[in-house]
Amino acid sequence: QVQLVESGGDLAQPGGSLRLSCATSGFPFRSTDMDWYRRAPGKGREFVASIPKTNHNPEYDASVKDRFTISRDNDKNIVILQMNSLKPEDTAVYFCSVFRGGRRYWGRGTQVTVSS
């Protein structure tokens, strides 16, 4: 079955960086688009970034564009979210996600807190 396991969340200072990783299994990773979402305190889950199976032309929400970078390692079946220039409003639980077989799958998430 599809399994998504996020890691790398932590407490960071404003302006700092964090690197999130998502280990995947149970589906053909190389031929699957991958996404990151987040849920801030008191808000719904929102799209952050996606990377196509082709590894070209990733997409970003406007709030993270030019600060976050999504990438993938098709040999290790992992997807990475490099987060730079972090802001307090980036505080959220970050989820790895994949849409397959007519449904969306989610990991359990990893907590990112940006505070001085």
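For clarity, every value in this text was computed on a predicted model and none was experimentally measured.
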**Prompt:** Going only through I, L, V, M, F, W and Y residues with side-chain contacts under 4.5 Å, is there a path from Phe27 to Val79?
**Reply:** yes

**Asked** Is Ile78 reachable from Met83 through a run of I, L, V, M, F, W or Y residues, each pair having side-chain heavy atoms under 4.5 Å apart?
**Response** no

**Contact check, side chains of Pro14 and Pro88, non-hydrogen atoms, under 4.5 Å** = yes

Mind checking the [atom1]-[atom2] spacing from [X] to [Y]? Nearest 0.5 Å is all I need.
X	Y	atom1	atom2	answer
Ser25	Asn77	OG	CG	8.0 Å
Thr69	Arg19	OG1	CZ	10.0 Å
Glu59	Ser50	CD	OG	4.5 Å

**Item:** Sidechain-backbone polar pair: Tyr60 side chain, Ile70 backbone, donor-acceptor under 3.5 Å
**Value:** yes

**Arg72 (side chain) donor-acceptor with Phe29 (main chain) under 3.5 angstrom** = yes

**Asked** Given Ser63, which of Lys87, Glu46, Arg38 fulfils the side chain to side chain donor-acceptor pair (under 3.5 Å) condition?
**Response** Arg38

Test side-chain contact (heavy atoms from CB on, under 4.5 Å) applied to [X] and [options], the passing residue:
X	options	answer
Val48	Val64, Leu20, Asp61	Val64
Gln111	Thr91, Leu11, Asp10	Thr91
Thr24	Leu4, Thr32, Val5	Leu4

**Item:** Ring center gap for Tyr37 and Phe47 short of 6.0 angstrom
**Value:** yes

**Asked** Any chance the rings of Phe68 and Trp36 have centres within less than 6.0 Å?
**Response** no

Please name the pair of heavy atoms, one in [X] and one in [Y], separated by the smallest distance, quoted to 0.1 Å.
X	Y	result
Asp33	Val98	O-CG2, 3.7 Å
Arg104	Ser97	NH1-OG, 2.7 Å
Cys96	Met34	SG-CE, 3.6 Å
Ala12	Leu86	CB-CD1, 3.8 Å
Arg30	Asp75	NH2-OD1, 2.7 Å
Ser17	Asn84	OG-OD1, 2.9 Å

Establish, for the pair [X] and [Y], whether the NZ or CZ atom is under 6.0 angstrom from the six-membered ring centre and no further than 45 degrees off its axis.
X	Y	answer
Arg103	Phe99	no
Arg108	Trp106	no
Arg45	Phe95	yes

**Donor-acceptor side-chain pairing of Ser85 and Arg67 below 3.5 angstrom** = no

